[in-house]
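Have a look at the structure below, then the notes.
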Number of protein chains: 2
Amino acid sequence: MHFTHSMRNKIQLTVDAVVFGYESGNISVLLVKRKYEPYKNAWALPGGFVLEKENLEEAVQRELSEETGVKINYLEQLYTFGDLGRDPRGRVVSVSYFGLVKPNAFELTASTDATRAKWFSIKKLPRLAFDHKKILKIAIERLQGKITYEPIGFELLDKKFPFSDLEKLYTTLLDREIDRRNFKKKITSLKVLDELEEKVSIGRGRPASLFSFNEKRYFQLKKEGIIFEI
Amino acid sequence: MHFTHSMRNKIQLTVDAVVFGYESGNISVLLVKRKYEPYKNAWALPGGFVLEKENLEEAVQRELSEETGVKINYLEQLYTFGDLGRDPRGRVVSVSYFGLVKPNAFELTASTDATRAKWFSIKKLPRLAFDHKKILKIAIERLQGKITYEPIGFELLDKKFPFSDLEKLYTTLLDREIDRRNFKKKITSLKVLDELEEKVSIGRGRPASLFSFNEKRYFQLKKEGIIFEI
DNA sequence: ATATATTTGCGTGCATTTTACACATTCTAT
DNA sequence: ATAGAATGTGTAAAATGCACGCAAATATAT
């Protein structure tokens, strides 16, 4: 099919962001309450129309920032959803993105397209606008799949953390118990953690050494990819 | 950013198909020669504008069929390219797809957008239109990555084939030698091949048993995912 | 002060998987 | 008949994965 200038199509392009947060054993996702029709007052993924003069990444960062105040330095493209009828306004194709943050690092603001932005546990989700339930489902699968081929945690844990925090992150993401000793051996063999001198004591029990990710090594592993079966 | 009806955007949406073929130790990709400006007479990935009333998958199948005559039952979404300036006609965002076929199964036709469609070895590529070189690069990475987490070959080999064909496919994709004995053990343990009674003798050497993929098992493994280190 | 519960921090042996490696078999071509 | 070429199989060593138990360091209860 050859298009000429007179045959301008009427397809609209949007971006949507699936931003996951993690805090003490709980995975959450960032949603906004819609201000306008359609789906007015329903919860939805942050996102909106792409402007003619901005890249897709710029668009999703802008929408995320406008609607929630969250700024995130790395969003990865997830999938493009373009089925007919996914948006009552007409033909709307959405490029979805995927990111990880520490929820406590941001104060949520609500402005432009949202009357409210809020973190929801992925176990207690509200009804979602459009096909956002489907998008979120695919994003969750990606999140769980990711940990088998790249290291994870840098974006979700504090700068310094006890080893048990990393362990808890993995058990939460995998939704099952893991053997601490073997897990530690595995992580140690990756040489991705630096053990610090500091120790921290939270409540009772033996105080834990603090660790930090070795950023260089971490991003090298991300790039190279790892096969990482827990 | 909230859009109203008066603010219709001018972004155009296209789809592009990266179709890989394999034949006796050679990986090829399907390209078309452009009939119109821009990049008139340059080689490009098959693709074109998405119509308002068709899904993305339908669009890419249609374009592929129109431009090359190739029909393929499974195209997987690869990535969406939306950078400013990737198309001189204005803002054009392209959703790219990825597929595998046996090149000899089709007679290439050339019609609508193409004066010619042709298979090119991925080692001897011509200059490509738009950012299609970049798209192809990402597709090749995906192709090589795929074989580590799912079985491959069904779409690329004949119904019946000697084991050496599968071995050659893998050495070609991985671009290195593999140990035939260990490779066979691995494949056998997956129980994805059915050994047939037939034997075939091509040229000299001991005749080889023919195998076929056990389709049920093959697609089960594709779905489940495998960790498959050669 | 002492005992108890709780959490962290290792190490060892067994089972499984991966890897390296060589020679016999069966055909074609001469 | 013989040489050459491709297929087809087994075994041992090494590496990795996995199950598992106990000591160390602290908070809390008595």
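Proteins come first, then strands; the chains are lettered A, B, ... in the order of their sequence lines, and each starts at number 1.
The environment of NZ in B/Lys160 is sparse: at most 12 heavy-atom neighbours from other residues, nucleotides or ligands sit within 6.0 Å.
Exactly one residue among A/Leu196, A/Leu193, A/Asp158 makes a side chain to side chain contact (heavy atoms under 4.5 Å, CB included) with A/Ser212. That residue is A/Leu196.
Across all non-hydrogen atoms, the minimal contact from A/Pro46 to A/Leu30 is CD-O, 3.3 Å.
Taking every side-chain heavy atom of B/Lys184 into account, D/dT9 is the closest of D/dT9, C/dC10, C/dT8.
To the nearest angstrom, C1' of C/dG9 lies 15 Å from CG of A/Leu210. The nearest whole Å value for the distance from the CZ atom in B/Phe163 to the P atom in C/dT25 is 21 Å. Atoms CD (B/Glu177) and P (C/dC21) sit 15 Å apart, rounded to a whole Å. Between the NZ atom of A/Lys186 and the C1' atom of D/dG17 there is a distance of 7 Å, given to the nearest Å. The CZ-P distance, from A/Phe161 to C/dT8, rounds to 14 Å in whole Å. As a whole-Å value, the separation of B/Glu167 CD from D/dT9 C1' is 14 Å. Following rounding to the nearest Å, B/Leu166 (CG) and D/dG8 (C1') show an atom-to-atom distance of 15 Å. Put simply, CD1 on B/Ile226 is 15 Å from P on C/dT17, counting in whole angstrom units.
Taking the centre and axis of the six-membered ring of B/Phe228, the NZ or CZ atom of B/Lys186 falls inside the cone set by 45° and 6.0 Å. Within the cation-pi definition used here (under 6.0 Å to the ring centroid, within 45° of the axis), A/Lys216 does not qualify as a partner of A/Phe219.
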*Between protein and nucleotides 20-30 of chain D, map the contacts as a letter string: B base, S sugar-phosphate only, - none, heavy atoms under 4.0 Å, written 5' to 3'.*
BB--BBBSS--

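Every ring-ring contact (aromatic ring centres under 6.0 Å, His included) that B/Phe81 has, sequence neighbours left out, goes to B/Tyr79.
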